[in-house]
Amino acid sequence: MDASVKASSTASALVVAAADKAGMEGIDRTQIDAIILRESGDSSFMKQQRKRDAVVNDRIAGMKRKLSERNDAMLDHGGGSWKIGIERELEPEVERLLRSRRSMSTNVVVDMDAFYMNCELLTRPDLADVPACVGRGMILTSNYCARRYGVRSAMAGWIGDRLVEELSGGKRRLVHLPSNFDLYTQKSHEVRNVLAEYDPKMRFHSLDECYMDIAPYLSLRVGKGLKHEHVREALRKEADGGIQRGRGDSKAAYIDLLKCIPPDTLLDASAAVVEEMRKEVEKVTGGLTCSAGLASNFMLAKIASDKNKPDGQCVIGPENENILSFIRDLPVRKIPGIGRVTEKILNSFQIMTVNDLFQQRSLIKYLFKPATATFLLQRSLGWSDSLPKLDDGASIEKSSTGQKGISKERTFRPGRSWSEIHLMIEDISQELSEAMKRKDLLAHTITLKVKLASFDVLCRSKSMAKGIYLQSAKDMLPIVAAMLSDLRKDHKGTFSVRLLGIRCSNLSHQNQLACRQPQIDTFLKSKEETTLSGTSNISIKGTGGAPGSVSKPIGEDKGGRVDGASSPRRKTCSNRSQNRHMSLTNGAENNMRIACPICSIPISGDNEELNQHVDACLKASSVQEVGSEESKASDIRKEKRRALASFFS
DNA sequence: ATACATACC
DNA sequence: TACTGGTATGTAT
């Protein structure tokens, strides 16, 4: 192992909780690192981290070997850098990335500040100025006071305790609050309600982070000069009826409208909208602040949302100069998707900043897998298309069900008896099955995850025969039980378990498997009632077997390890496509004549007339808002609108 | 298709 | 004493 690799085995290379986080800038990291390393000591967890770190070091060593071999080979051919050739190869891609920028910054990432913690502070304001965190064994989030001591999410609780104790000279101690997810979920919904007014198709990535495209909002608010209330109703209406209506066309119309506005003016107005939106979130939630980033893609918006945390925002214009000057000096770790490991690898090649990443593109192309190299090149130029696309026509409900897997896992003190462990997977299967029933999900693949006391993670997964899906705990249990005993059998060394988890993937929906011919379904059901027992509910996707053909029990297909599988019930179903094609709306819905967003009647005239019409229209369609205690807020909004209007005078 | 690693909040 | 839980995705075989 060479010296540069060894030297980088700092706390942050070993544990993610040691990395920088908003609110931790300008803190002396060396002391914090020293305490983390000392306290972590030789715990099983840290031993495991070092083991993984060693693997990363091997990877790095391999890459360095590959590099020096290449350099040696080139020297044999009379020197000259091989990098030039790769650079030339990459040139078209670089050009393409720089050319294919979006022309406007309408993507917003809203990120609640220290969300769980600040939810708690609403009822415990006394904790604002003392170091506090949510979570005990594992810290979920900490307040800004605790962050000054290096206490952050993903950190073990007792390490947080030591940090505060030592760095405050024994004067303070870290307060731990138990988590209260009901509260956070409720507060998150309050936030949703506000943000949905700006983009009904927004996507939440977690309780505290939301991705939005405010182009439609801006085009109505800024482009057409409508009031917030009108835009809100128009967007909501369109989202509600969105299934019947074409999407691409209205999207194009929004963009066309925005293109008529001078870019600087639009950007300023957009920033004002985001500001207003954030203040509204704070007001509605009773004081929860958030930060936001506004940019021409979600990666930039995400990074920007972190820039002026807390209670701040950052806007990046869509032009190359703005994008590149924003990202060039960022440490590579700021790029979403570059984590602890990738950072360490890059750093070991002296690639520290995003600009280094670009300058060293040939080296990266040579050392990494093509997909990774492309990913890194794109990010180094501030380009991204991998984060959620909002304009795919999916409603919020629909997009939230696009999930790829569902899982339950539980950590416990190692050393449980085998029978306790069996009880535990029974519980977990039951819970998972219930969650799947709630979400109407069926799974084709099931995975068992086991973490040993050593923190080694093992897993086994199994896919059903083609077209077979399961949901019930009764069906899962024999499969996971078999996988568990397999794991124990195959594993050399002590098999002391500290975590059990079950994951279901390759999902499908019950309704997608539903029988088209009810008479066959009922025929089968009546047959089952007389011939089969149990509540097992294996579904078969596709045209399936003939009604009379009885399938073999699930789990019997390979090796017959599972002997406890209950007899499955079969369902036939049709394979017909669920998605009917939407009728395309006429492309003539354009700018010369403006359609009222509420009633769709074309209106000619200026903004004032339009607003008046929309006002009347809203009243008529009984979507007006109740005035009483909202009148003050509405006044504030009016004031803000006046400020916003000044952009266009 | 399976096992395991990385990343994010 | 003591280091999560849920989800997605990449990589290697």
Side-chain angles (χ1 to χ4, degrees), chain A residues 14-19 21-22 36 39-49 51-52 55-56 59 109 111-112 114-116 134-141 152-162 176 179 181 184 188 204-210 302 306 333 335-345 368-372 374-375 386-388 400 402-414 428 431-432 435 444-451 453 455-466 483 486-487 490 498-507 558:
Chain A
L14 293 174
V15 284
V16 70
K21 174 94 177 154
I36 291 175
E39 289 303 315
S40 306
D42 55 355
S43 62
S44 301
F45 176 77
M46 221 37 174
K47 278 185 191 141
Q48 176 66 13
Q49 291 302 104
K51 210 189 308 178
R52 289 213 270 163
V55 173
V56 174
R59 240 175 101 187
V109 171
D111 195 303
M112 300 302 295
F115 185 53
Y116 302 162
V134 175
R136 172 143 289 285
M138 175 66 70
I139 294 170
L140 298 176
T141 178
R152 53 151 292 170
S153 53
M155 179 174 277
W158 89 88
I159 292 178
D161 295 340
R162 291 285 83 76
H176 292 260
S179 60
F181 278 90
Y184 316 145
S188 180
F204 269 73
H205 261 200
S206 56
L207 289 176
D208 77 330
E209 195 181 66
C210 183
K302 170 89 180 104
D306 195 57
R333 186 67 154 82
I335 304 280
I338 297 182
R340 187 176 53 84
V341 172
T342 314
E343 177 189 42
K344 177 165 177 169
I345 294 172
F368 289 85
K369 312 250 68 168
T372 311
T374 303
F375 169 87
S386 68
L387 283 160
S400 67
Q403 93 185 88
K404 303 275 199 293
I406 182 169
S407 61
K408 289 264 179 247
E409 62 185 54
R410 197 172 298 164
T411 298
F412 44 87
R413 271 249 292 290
I428 296 170
E431 284 171 26
L432 181 57
H444 179 62
T445 303
I446 183 163
T447 303
L448 172 73
K449 173 176 166 185
V450 172
K451 185 146 61 181
F455 286 89
D456 284 309
V457 177
L458 311 170
C459 66
R460 280 282 186 281
S461 79
K462 178 129 196 69
S463 296
M464 307 302 105
K466 190 168 152 56
M483 293 193 293
D486 268 11
L487 273 182
D490 294 349
R498 92 188 306 280
L499 172 148
L500 285 173
I502 304 174
R503 175 168 184 79
C504 282
S505 52
N506 284 324
L507 302 178
K558 216 173 220 167

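To find a chain, count down the sequence lines: A is the first, B the second, and so on, and within it residues start at 1. In this text the structure is predicted, and so the values were computed from the model without any measurement.
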A:I159 near the nucleic acid: base, sugar-phosphate alone, or nothing, with a heavy-atom cut-off under 4.0 Å? base

For A:F115 and B:dC9, what is the distance between atoms CZ and C1' respectively, to the nearest whole Å? 12 Å

Nearest-nucleotide wise, let me know which of A:S40 and A:I406 is further upstream toward the 5' end of DNA chain C. A:S40

Supply the atom-to-atom distance A:I502 CD1 to A:L448 CG, rounded to the nearest 0.5 angstrom. 6.5 Å

Please round to the nearest 0.5 Å and tell me the distance separating atom CZ of A:R136 and atom OG of A:S179. 12.0 Å

Protein-nucleotide distance (A:R59, atom CZ; B:dA5, atom C1'), rounded to Å: 9 Å

Is the shortest side-chain N to carboxylate O distance from A:K451 to A:E409 below 4.0 Å? no

Roughly, in whole Å, what's the span from CZ in A:F204 to C1' in B:dC8? 16 Å

Would you grab the first and last nucleotide of DNA chain C (5' to 3') that comes under 4.0 Å of any non-hydrogen atom in chain A? C:dA2 to C:dA12

Let me spell it out: for each of A:V457 and A:H444, pick the nucleotide of DNA chain B with the closest heavy atom. Which residue's pick is nearer the 5' end? A:H444

Nearest heavy-atom pair of A:G135 and A:H176: which atoms, and what distance? O-ND1, 2.8 Å

To the nearest 0.5 Å, what is the distance between CZ on A:R498 and CZ on A:R413? 10.5 Å

Is there a donor-acceptor pair under 3.5 Å between the side chain of A:E39 and the backbone N or O of A:I159? no

A:R503 CZ - B:dC4 P separation (whole Å): 16 Å

Report the distance from atom CZ of A:R340 to atom P of B:dC8, rounded to the nearest whole Å. 11 Å

Is A:S463 near enough to B:dT2 that one of its side-chain N or O atoms lies under 4.0 angstrom from OP1 or OP2? yes

NA contact type, A:I139, heavy-atom cut-off 4.0 Å: base, sugar-phosphate, or nothing? nothing

Taking the same atom, C1', in B:dA7 and in C:dT4, what whole-Å distance lies between them? 15 Å

Look at the aromatic rings of A:Y116 and A:Y184 and report parallel, tilted or perpendicular, splitting at 30° and 60°. parallel

For the pair made of NZ in A:K51 and C1' in B:dA5, what is the distance, rounded to whole Å? 14 Å

What does A:S407 touch in the nucleic acid at a heavy-atom separation under 4.0 angstrom: a base, only the sugar-phosphate, or nothing? base

Roughly, in whole Å, what's the span from CG in A:L140 to P in B:dC8? 18 Å

Whole Å only: how far is the NE2 atom of A:H205 from the P atom of B:dA7? 17 Å

Nearest to the side chain of A:T342 - B:dT2, B:dT6, B:dC8? B:dT6

Between CZ of A:R152 and CD1 of A:I139, what distance do you get to the nearest 0.5 Å? 10.0 Å

Considering every strand and a 4.0 Å limit on heavy-atom distances, what is the contact class for A:E409: base, sugar-phosphate, or nothing? base

So what does A:D208 touch, heavy atoms closer than 4.0 Å: a base, only the sugar-phosphate, or nothing? sugar-phosphate

Pick base, sugar-phosphate or nothing for A:R162, based on heavy-atom distances below 4.0 Å to the nucleic acid. nothing

Scan A:R498 against the nucleic acid and name what it touches under 4.0 Å (heavy atoms): base, sugar-phosphate only, or nothing. sugar-phosphate

Closest-nucleotide ordering on DNA chain C, the 5'-leading residue of A:K449 and A:M46: A:M46

By the 4.0 Å heavy-atom rule, please label A:I345 as base, sugar-phosphate, or nothing. nothing

Using a cut-off of 4.0 Å on non-hydrogen atoms, how would the nucleic acid contact of A:R152 be classed: base, sugar-phosphate, or nothing? nothing

